[in-house]
> 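I have a structure I would like to understand better, so I am pasting it below and will then ask my questions one at a time.
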Amino acid sequence: MSHFQDIHDLNKEIRACTKCKLAHTRTFAISGEGNPGSKLMLLAQSPGKSEDEQNKMFTGPSGKLFDELLEQAGVARESIYLTNLIKCMLPNSRRPSREEISQCRYYIDKEIEIVKPKTIVPLGFHSTRFIFSKYQIPRPPKNEYHKLFGRVFYSGEMIIYPLRHPTALLFNPGKREEMERNYRMLNRFLILDF
Ligand code: SF4
C-alpha cells in the first residue's frame, strides 16, 4: 500500500477519533495536510477556533501570518506536510495537558512513520518539547526554549529545526525580522538532496 493511501486511512481515523475529552468540545478533529511525500514536516501545536470552524489548518489571523512567512521563504504549503501535535481544539486556547499529548501522540508517531520526513520543524514550545523528548535530544529549562528556535539539531539521520509558532507574531510583532530569517531556511531543507 502506498504511503498516500496509508496517510489517507490514518486521517480518516483521526477525523473519527473520540479517544479523549477534547472530542466533546471540538467541531472537527483536524488531520494533517499537504504533501505526504515531502521531506519536510511542520508540527504546529493544535487547532484554534478558526481552524476548528473551518476544518483546516492555519486559517484566521495566525494562518495569514503563516502564509506570509512561507511566501517570503519561497515555500508553497502544498510542498510540505503540515500537522498538529493535538488534533482537536483546546477550549479557550489553553495549554495542552501532558495527558492530552500522550493520548494524541499515537497519530503524530504514525504520521512520522508514514511520511518519513528528513526534517521535522516543531513550531513553538509544546511541539518542540515533544519532538526533543521523542528523539532524545537534551531539553533545556522551560524559560530557555526560545534559544532553540532557528537552530539545527540532529538525532541520527533526523534533522530537527525548531521555529517560533506563527501565533507568536500576533503578540510580539517585533519578532518578525528574526522569524522571517529563520523561516527562510525551510526552503533549503526542501531542496537539499540527502
Ligand atoms: S485530541 Fe487527539 S486523542 Fe483527543 S479526541 Fe482529538 S484526535 Fe482523539
Side-chain angles (χ1 to χ4, degrees), residues 1-38 40-63 65-67 77-78 80-117 119-137 139 142 145 155 158 160-168 170-171:
M1 199 186 286
S2 78
H3 63 306
F4 284 84
Q5 185 60 45
D6 289 342
I7 208 81
H8 175 79
D9 291 346
L10 181 70
N11 286 346
K12 230 167 111 181
E13 209 181 314
I14 291 170
R15 290 192 291 270
C17 181
T18 54
K19 270 198 298 185
C20 83
K21 64 182 186 308
L22 293 176
H24 303 299
T25 45
R26 71 166 193 232
T27 309
F28 296 103
I30 298 176
S31 56
E33 296 174 3
N35 176 9
S38 184
L40 187 56
M41 177 184 278
L42 266 64
L43 180 62
Q45 181 192 288
S46 56
K49 196 167 181 303
S50 166
E51 286 80 11
D52 180 64
E53 284 165 3
Q54 296 184 44
N55 193 14
K56 186 170 168 31
M57 287 190 68
F58 281 122
T59 60
S62 63
L65 290 167
F66 180 64
D67 286 337
R77 259 208 209 207
E78 305 70 44
I80 58 180
Y81 196 77
L82 182 60
T83 192
N84 278 309
L85 182 61
I86 303 262
K87 313 300 186 198
C88 298
M89 179 183 69
L90 293 154
N92 305 316
S93 307
R94 67 163 169 77
R95 294 178 192 142
S97 67
R98 280 175 197 260
E99 193 195 349
E100 285 159 350
I101 293 173
S102 88
Q103 278 176 311
C104 209
R105 75 165 293 163
Y106 164 79
Y107 297 119
I108 184 66
D109 287 337
K110 287 297 278 185
E111 284 172 299
I112 293 171
E113 205 180 300
I114 296 169
V115 175
K116 297 184 178 54
T119 305
I120 298 179
V121 178
L123 301 175
F125 168 71
H126 291 284
S127 298
T128 302
R129 185 173 66 177
F130 173 84
I131 289 295
F132 271 47
S133 165
K134 178 176 169 67
Y135 288 97
Q136 295 168 346
I137 301 172
R139 290 179 292 158
K142 190 174 178 183
Y145 268 73
S155 175
M158 182 63 80
I160 315 285
Y161 183 59
L163 288 176
R164 285 185 196 275
H165 198 282
T167 311
L170 290 175
F171 307 104

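For clarity, every value in this text was computed on a predicted model and none was experimentally measured. Order of appearance sets the numbers: ligands from 1, and atoms from 1 within every ligand. What's counted below: heavy atoms across the whole structure, side chains too, no hydrogens, waters or symmetry copies.
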> Using heavy atoms and a threshold below 4.0 Å, how should the contact between Glu100 and ligand 1 be classified: side chain, backbone, both, or neither?
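Glu100 to ligand 1: no contact under 4.0 Å from either part.
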
> Compare all side-chain heavy atoms of Glu100 with those of Cys88 and state whether any distance is below 4.5 angstrom.
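Glu100 does not reach Cys88 side chain to side chain.
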
> Any carboxylate oxygen within less than 4.0 angstrom of a Lys/Arg side-chain nitrogen, looking at Asp6 and Lys110?
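Between Lys110 and Asp6 there is no salt bridge, as every charged N stays at least 4.0 Å from the carboxylate O atoms.
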
> Which of the atoms in ligand 1, numbered in the order shown and given with their element, are less than 4.0 Å from a heavy-atom of Cys17?
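Per the distance check, 3 (S), 5 (S), 7 (S), 8 (Fe).
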
> Going by the atom numbers of ligand 1, which of them fall below 4.0 Å from some non-hydrogen atom of Arg26?
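Those qualifying, in numeric order: 5 (S), 6 (Fe).
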
> For Ala44, is there any backbone N or O sitting under 3.5 Å from a side-chain donor or acceptor partner on Ser127?
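Answer holds: yes.
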
> Using 2.8 Å as the threshold, say whether any N, O or S atom from Cys20 sits that close to atom 2 (Fe) of ligand 1.
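Not a single backbone or side-chain N, O or S atom of Cys20 is under 2.8 Å from atom 2 (Fe) of ligand 1.
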
> Starting from atom 2 (Fe) of ligand 1, locate the nearest protein heavy atom and write down its residue, its atom name and how far away it is, to 0.1 Å.
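Among all protein heavy atoms, the one nearest atom 2 (Fe) of ligand 1 is Cys104 SG, 2.4 Å.
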
> Within the 4.0 Å heavy-atom shell around Cys88, which atoms of ligand 1 are there?
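Contacts of ligand 1 toward Cys88, numbered from 1: 1 (S), 5 (S), 6 (Fe), 7 (S).
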
> Give a yes or no answer on whether the side chain of Thr18 reaches the backbone of Ala23 with a donor-acceptor pair at less than 3.5 Å.
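No; zero donor-acceptor contacts below 3.5 Å.
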
> Do Ser62 and Phe58 come close enough that some side-chain heavy atom pair is under 4.5 Å?
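Sidechains of Phe58 and Ser62: in contact.
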
